[in-house]
Amino acid sequence: MQKIYITLTHTGTLLSNFIKLYTKKDYSHVSLAFDEELEDMYSFGRLYTYNAFIGGFIKESLTTGTYKRFKNTEASVYELEVTDRQYVEIKKFAHELYKRRKEYKFNFIGVFCVMFNKRIQREHAMYCAEFVKKAIEEGGIDVNYLPEVIKPEDFKTLKNVKLIYKGKLRKYRTRIRRIEAPKPITIIHRRAAV
């Protein structure tokens, strides 16, 4: 068995606040990672840190770009156990998309149609939640019960998903290091009986 990680975030940018306002949910973005450290993480988002209106398929990083700029990003990280085959298929889909990323655009029209509960599919264009749903589906995981007009928070309802972190995204790695740190050994000295 393998694990994938679904990361819900809210950066507090103008666009993310607008999305949060009309969805009335805590999070406005979702990413998909293939490692617990979130170093191999993908989504549709801004291509340039300082321009929210030029978007596409990106590899995200906790230490550069948008997440470095917006230090108070709130996050929830969910873990989903998948079979080895599902893991390979989902990862293959994301990596193939990344190789062809110049062909893909951010589906701004699709995002704004979410307000009206309408799904607008565009060729070679997705928004973050569309990508994550499609990637999981490509792995053969049943997502038919998820809404057709998908939003980041909908991934909380995935079957067998487990919340492993909630808080500031910049503190996430501290949590990982704390889990991996060896526990100190306590030596108890006993007095010999006299």
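Just so you know, residue 1 is the first one in the sequence shown, and it goes up from there. Everything quoted here is computed from the prediction, not taken from an experiment.
Note on Val111: it does not cluster hydrophobically with Leu47, by side-chain heavy-atom contacts below 4.5 Å among ILVMFWY residues. Clustering ILVMFWY residues whenever any of their side-chain heavy atoms sit less than 4.5 angstrom apart, transitively, puts Ile109 in a cluster other than the one holding Phe44. Under a hydrophobic-cluster definition in which Ile, Leu, Val, Met, Phe, Trp and Tyr are linked whenever side-chain heavy atoms come within less than 4.5 Å, directly or via other members, Tyr48 and Leu62 are assigned to different clusters. Under the 4.5 Å side-chain heavy-atom criterion for Ile, Leu, Val, Met, Phe, Trp and Tyr, Tyr87 and Tyr42 are members of the same hydrophobic cluster.
Residues meeting the side-chain contact (heavy atoms from CB on, under 4.5 Å) test with Thr64, sequence neighbours left out: Ser61. Listed by chain and number, the residues in a side-chain contact (heavy atoms from CB on, under 4.5 Å) with Asn160 are Leu80 (sequence neighbours excluded). Residues passing the side chain to side chain donor-acceptor pair (under 3.5 Å) test with Tyr27, sequence neighbours excluded: Ser76. Applying the ring-ring contact (aromatic ring centres under 6.0 Å, His included) rule to Phe131 yields the partners Phe57; only residues at least two apart in sequence or on another chain are considered. By the side-chain contact (heavy atoms from CB on, under 4.5 Å) test, Thr73 pairs with Thr9, Thr11, Tyr67, Phe70, Leu169, sequence neighbours left out.
With values rounded to the nearest 0.5 angstrom, Phe93 atom CZ is found 10.0 Å from Leu32 atom CG. Atom-to-atom distance recorded for Ile141:CD1 and Ile4:CD1 is 5.0 Å, nearest 0.5 angstrom. Put simply, OH on Tyr5 and CD on Glu79 are 4.5 Å apart, with the number rounded to the nearest 0.5 Å. Summarising the geometry, atom CD1 belonging to Ile120 is positioned 10.5 Å from atom OH belonging to Tyr127; distances are rounded to the nearest 0.5 Å. Leu146 contributes atom CG, which lies 14.0 Å from atom NZ of Lys156 (distance to the nearest 0.5 angstrom). Taking CG of Leu38 as the reference point, atom OG1 of Thr7 lies at 4.5 Å (rounded to 0.5 Å).
Annotation: salt bridge (Lys or Arg N to Asp or Glu O under 4.0 Å) contacts involving residues 105-123, sequence neighbours excluded, comprise Arg119-Glu148. Identified under the salt bridge (Lys or Arg N to Asp or Glu O under 4.0 Å) test for residues 51-66, with sequence neighbours left out: Asp40-Lys59. The salt bridge (Lys or Arg N to Asp or Glu O under 4.0 Å) contacts involving residues 108-117 comprise nothing, where partners must be two or more places apart or lie in separate chains. Applying the salt bridge (Lys or Arg N to Asp or Glu O under 4.0 Å) test to every pair with at least one member in residues 132-146, sequence neighbours left out, gives these pairs: Lys134-Glu138. Sorted by first and then second residue, the ring pair (Phe, Tyr, Trp, His ring centres under 6.0 Å) pairs involving residues 105-126 (not counting sequence neighbours) are Phe18-Phe112, Tyr104-His124, Phe106-Phe108.
Through direct or indirect side-chain contacts shorter than 4.5 Å among Ile, Leu, Val, Met, Phe, Trp and Tyr, Val88 is connected to no other residue. Applying the 4.5 Å side-chain rule to ILVMFWY residues, one finds that Tyr50 remains a lone member of its cluster.
Checking side-chain atoms of Lys166 against main-chain N and O of Leu163 turns up no donor-acceptor pair under 3.5 Å. Counting only distance, with no hydrogens or angles, the side chain of Arg46 and the backbone of Thr49 share a donor-acceptor pair below 3.5 Å. Of the possible donor and acceptor atoms, one in the side chain of Asn17 sits under 3.5 Å from a partner among the backbone N and O of Thr13. Glu89 places no side-chain N or O within donor-acceptor distance of the main-chain N or O of Gln86, the cut-off being under 3.5 Å. The backbone N or O of Val30 sits less than 3.5 Å from a side-chain atom of Ser43, completing a donor-acceptor pair.
A distance below 6.0 Å separates the ring centres of Tyr165 and Tyr172.
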Inset, instruction - Step by step, work out the side-chain contact (heavy atoms from CB on, under 4.5 Å) result for Thr63 and Lys68. - result: CA-CA 5 Å; Thr63 57; Lys68 180 181 179 185; 5.9 Å; no

Inset, instruction - Please report the C-alpha distance between Ile58 and Tyr98 in whole Å, then the side-chain angles of each, then the deciding distance to 0.1 Å, and finally whether the side-chain contact (heavy atoms from CB on, under 4.5 Å) criterion is met. - result: CA-CA 7 Å; Ile58 57 172; Tyr98 190 68; 5.7 Å; no

Inset, instruction - Verify salt bridge (Lys or Arg N to Asp or Glu O under 4.0 Å) between Glu96 and Lys91, making sure each step is shown before the conclusion. - result: CA-CA 8 Å; Glu96 282 299 315; Lys91 191 170 186 175; over 6 Å; no

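Within the 4.5 Å cutoff, the side chain of Ile6 has no heavy atoms near those of the Val77 side chain. Residues Leu158 and Tyr145 are in side-chain contact: their nearest non-hydrogen atoms beyond the backbone lie under 4.5 Å apart. Two residues are said to be in side-chain contact when any heavy atoms from C-beta on lie closer than 4.5 Å; His29 and Ser31 meet this criterion.
Within a 6.0 Å sphere centred on NZ of Lys168, heavy atoms belonging to other residues, nucleotides or ligands number more than 12.
Evaluated for a side chain to side chain donor-acceptor pair (under 3.5 Å) with Ser28, the options Glu74, Lys151, His10, Glu153 yield exactly one hit, His10.
By the 6.0 Å and 45° rule, Lys162 does not stack over the aromatic ring of Tyr78.
Nearest heavy atom pair, residue Met1 against residue Thr83, reads SD-CA, 3.9 Å.
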